[in-house]
Every structure is written in C-alpha cells, then in structure tokens.
Amino acid sequence: MHNWNKKFAFYTVALYRVGNYTDSALVGAILFEKAVYSLLSNKNIDRLYIKNHKGGYKGELQFAIELMCKKYPDFNFDEIDDIRRNVRNNITHEINIHDIDRDKIQPMIQFIWKVFDSQSYKRYQGSIDNIDFLTADYAVVDIREMFNENLQDLLAKHYQFKGFTIEDFQELYKLRAKMISLGSKIKKEILKIEYKNELYIDIISKIDTTSAYVWMSMNLYDKDRNRVDSASASILGTPLDLRIYFDIGGGGYEVRQDYYKFLKSDYFANFRDNKDLKDIEIFDNDWYCFIIERKFLSDVTADELEDKIKKSEEKLEGYNKDTKISWNRMLCGYIIDRGKIDFREIEKKLRIIIKLYYCFEYFRQRELKRAKIPFKYNIDFDCNKRYEPKIFHMNDINLKR
C-alpha cells in the first residue's frame, strides 16, 4: 500500500531540487493544509472539531495551525502561519504562478517534507541541497510515469503485438507503442499463465526527445514499483538493437553488491556451464543503455570473470545506497540486432532470463538473507545437495506447481 502523502512530499522537494520551482510550489500549496490536518489527526483532532471551536479566528486553517503548534512545540506558530498567509494563500489565490520567489516557497515544502517524510528529512538533515541531484530526478520521473499507467493500458488495447520490424527501430514513439503491446502479450500468455501473476511488469519507461531507449522490466516487487531499486528480467529497445537481459536499476546499490557475490557463486557457475545458453552475452554499459564492452558468456574465462568482478566491486566502492548509478557491469542477456524479431524468439529467450532472475533472487534470499520475497513458486535447486558445482542446469530450475 502506497503512502501517497510521503511519496508526494519527497516529490515536492525533488521538484525543487531539480529546479522546477513552479510545480514544486503548486504541489506544495496542495500538501500544506493536508500536512497541518495530518498532524492534528494524530492527536485525534478532526476537521469537525476545528469548525466548531475556531471562535474568533478568521479561518479554520489559521486556528488549526494554532492548535498544531500547541500540540507540537517544535513548530513555531508565527513561522507556519506566515507560510499560510504569504506563500500558500498567495499561490492559491493571488500570485501569478510564474512570478514565484523560490526562496519563499522553500520553508513551505520543508515543512511538508518534515511532516510526511521524516525519515528522508532526517537523512538529508532537512536540507534540500543535500539530496543527490540524480536521486531527485529519479523521484520526479517516478511520479510522472505513474500518471502514464492508464495510458499504457489504453495503448495496449489498440496494438496487438505480432513482432518487431526494422521500421519500429527507426521511430522512437512507434517502438514504445510496440513495447507496450509486447508487454500486454507477455502478461497474458506467460506471466499470468505460467507464473500466476507472481512476476509483474512495471511501468514501461516514458520517452521524450532526449530518450535513447524504451525499457520494460519484470520483477517480484510490484507493490512498491521498485524497478529502479531492484533487479529485473528486462527487455530494452534502442535504435540499434533489442535486449532481453538481466538488469539492475539505478538505485540498486545493495543489489549490485549482491549480484557480484552471485557471479562468484555456484549458482551462477551452474547457470554459465549450461550448454543450451547459446548467444548469451555478458556486457557493460554506461549512461543506462550504451554498451561499452560485450563478449559471449561462453568465451569468458574463469580468470577474466574473476578480474571483471573485482573491477566492478572496486568501481562500486565510490558509491553508497543514497546515490543513483547510471552504469552497469557484467549484465547477462541477449542482444539482437534491430530488424524483424518475432514473438516466439522473444518468448524463448525471455524464459531463460526469467530463470536467471529467479536464480539470483533465490540466492539473495537463501544465501545472503537479504531479499524477503514470498515466492509462490520456488525454484528447484535439488536442495538435498549442498550447492556443489554443477548440481543443477537450466532444466533443473523449474517452478514447482
């Protein structure tokens, strides 16, 4: 269940952080009154009580602020009421929205932030400037993509996926429409039937004139829409290719740590040794989608793999859980040159990547005690044998029905 007030409070400060002061002010003006009444509701004071007891106060909100400050001494009445009179009321009733003074709206959105998202407020010491710019940008994009969810469903009804053509890769908006219809087909014919809706497709990435790709991710974290903070079985389209692969979102610092451990484990060794994994590549990218190095997994030696893992871990040391990461190292998957690609080929390759994804999440849950995912269908690793090399192959990674 989403805590929408918390999510939109951080969205408000994120808008401010990336320089979108107008939208930050508009959302903040809406949330300000909600924040006051939210604090009062925690003290069992409702709007009816305010209405019946405001007495000589000119307005209910002013009286509500007075009560709130008495109940919460950390807040100063003069400061909060000044926000009501000279910021919130001006935005709502008087000021030309384009003439907003960004310095004046900052106290309002900081108040909202402190009330609805005290955890991140404390983490950043109440300073908007302490928020990593990329983290703020992610928060803004995340909210805006949620608003596109219904549009995706509508588009999917109008496009029946039959396959990709060369023309799809030449036109960004056409490619996204095709990806949406592909997602609908995957939901109906694979995820719903075989995985009983345990795997979810998150919102397919929004595009604009600066977009370089269209991304569709599938994972076990539907409730929190967590694709940027987690791993996923993904399909990504660029002007040059279609990728069906294992991916990690830009917020997945801890997940990257776990992935490099996974690559050194018997789980991955057994996956890698399977003879049916023709054409799977291991590749690095920067700026989310630009491949800087690639090689067929079967051609990577044990020494090369060890060296690449070490370099990836060293690179990750320069980051922490609060930063966003625009690169990935050692992703596994299929890279198909643009052109005619039918659903049968996509389906076959996607099933293998989903198995790899399940394998990773099972490793995190069982070996690292990290991921607490209530698997409905466990992967069978022949657990009577204690994870010795070559204890399972792809055919052994099955969902128990």
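Note that these values count all heavy atoms, side chains included, but never hydrogens, waters or copies made by symmetry. Counting from 1, the numbers follow the sequence of the chain as shown.
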Item to check | Residues Trp327, Tyr319; criterion side chain to side chain donor-acceptor pair (under 3.5 Å); working and verdict | outcome: CA-CA 12 Å; Trp327 53 266; Tyr319 296 80; 3.0 Å; yes
Item to check | Working for side chain to side chain donor-acceptor pair (under 3.5 Å), residues Glu167 and Thr165 | outcome: CA-CA 5 Å; Glu167 288 79 14; Thr165 65; 3.2 Å; yes
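Within 6.0 Å of atom CD in Gln170, more than 12 heavy atoms from other residues, nucleotides or ligands are found, so the atom counts as buried in its surroundings. In the displayed structure, Lys315 atom NZ is contacted under 6.0 Å by more than 12 heavy atoms of other residues, nucleotides or ligands.
Taking the ring centre of Phe161 as origin, the terminal cationic atom of Lys185 falls outside the region bounded by 6.0 Å and 45° from the ring axis. Tyr37 carries Arg47 over the face of its six-membered ring, with the cationic atom under 6.0 Å from the centre and within 45° of the normal. Under the 6.0 Å distance and 45° angle rule, Lys348 does not count as a cation-pi partner of Phe343.
Arg85 and Asp82 are joined by a salt bridge, as a carboxylate oxygen and a charged side-chain nitrogen come within less than 4.0 angstrom of each other. Ion pairing between a basic and an acidic side chain is recognised when a charged N comes within 4.0 Å of a carboxylate O; Glu33 and Arg88 show such pairing. Electrostatic pairing of Arg123 and Asp322 counts as a salt bridge here, judged by a charged N lying under 4.0 Å from a carboxylate O. A salt bridge links Glu194 with Arg351: the distance from a Lys NZ or Arg NE/NH1/NH2 to an Asp or Glu carboxylate oxygen falls below 4.0 Å. Glu304 has a carboxylate O that lies under 4.0 Å from a charged side-chain N of Lys295, or vice versa, which qualifies the two as a salt bridge.
To the nearest 0.5 angstrom, Lys308 atom NZ is 13.5 Å from Asp303 atom CG. Taken to the nearest 0.5 Å, the CD1 atom of Ile186 stands 15.5 Å off from the NZ atom of Lys192.
In summary, the aromatic rings of Tyr334 and Tyr245 are positioned with their centroids too far apart to meet the 6.0 Å limit.
The closest donor-acceptor contact from the side chain of Thr12 to the backbone of Phe8 lies under 3.5 Å. Proximity of a side-chain donor or acceptor of Arg338 to a complementary backbone N or O of Pro239 within less than 3.5 Å is detected.
Scanning all heavy atoms of the two residues, the minimum distance from Asp247 to Ser234 falls at CB-OG, 3.5 Å. The two atoms that bring Leu277 and Phe271 nearest to each other are CD1-O, 2.7 Å, heavy atoms only.
No option in Tyr358, Tyr357, Phe363 other than Tyr357 meets the side chain to side chain contact (heavy atoms under 4.5 Å, CB included) test with Glu361.
In this model, a donor atom of one side chain and an acceptor atom of the other lie less than 3.5 Å apart for Asn20 and Asp23.
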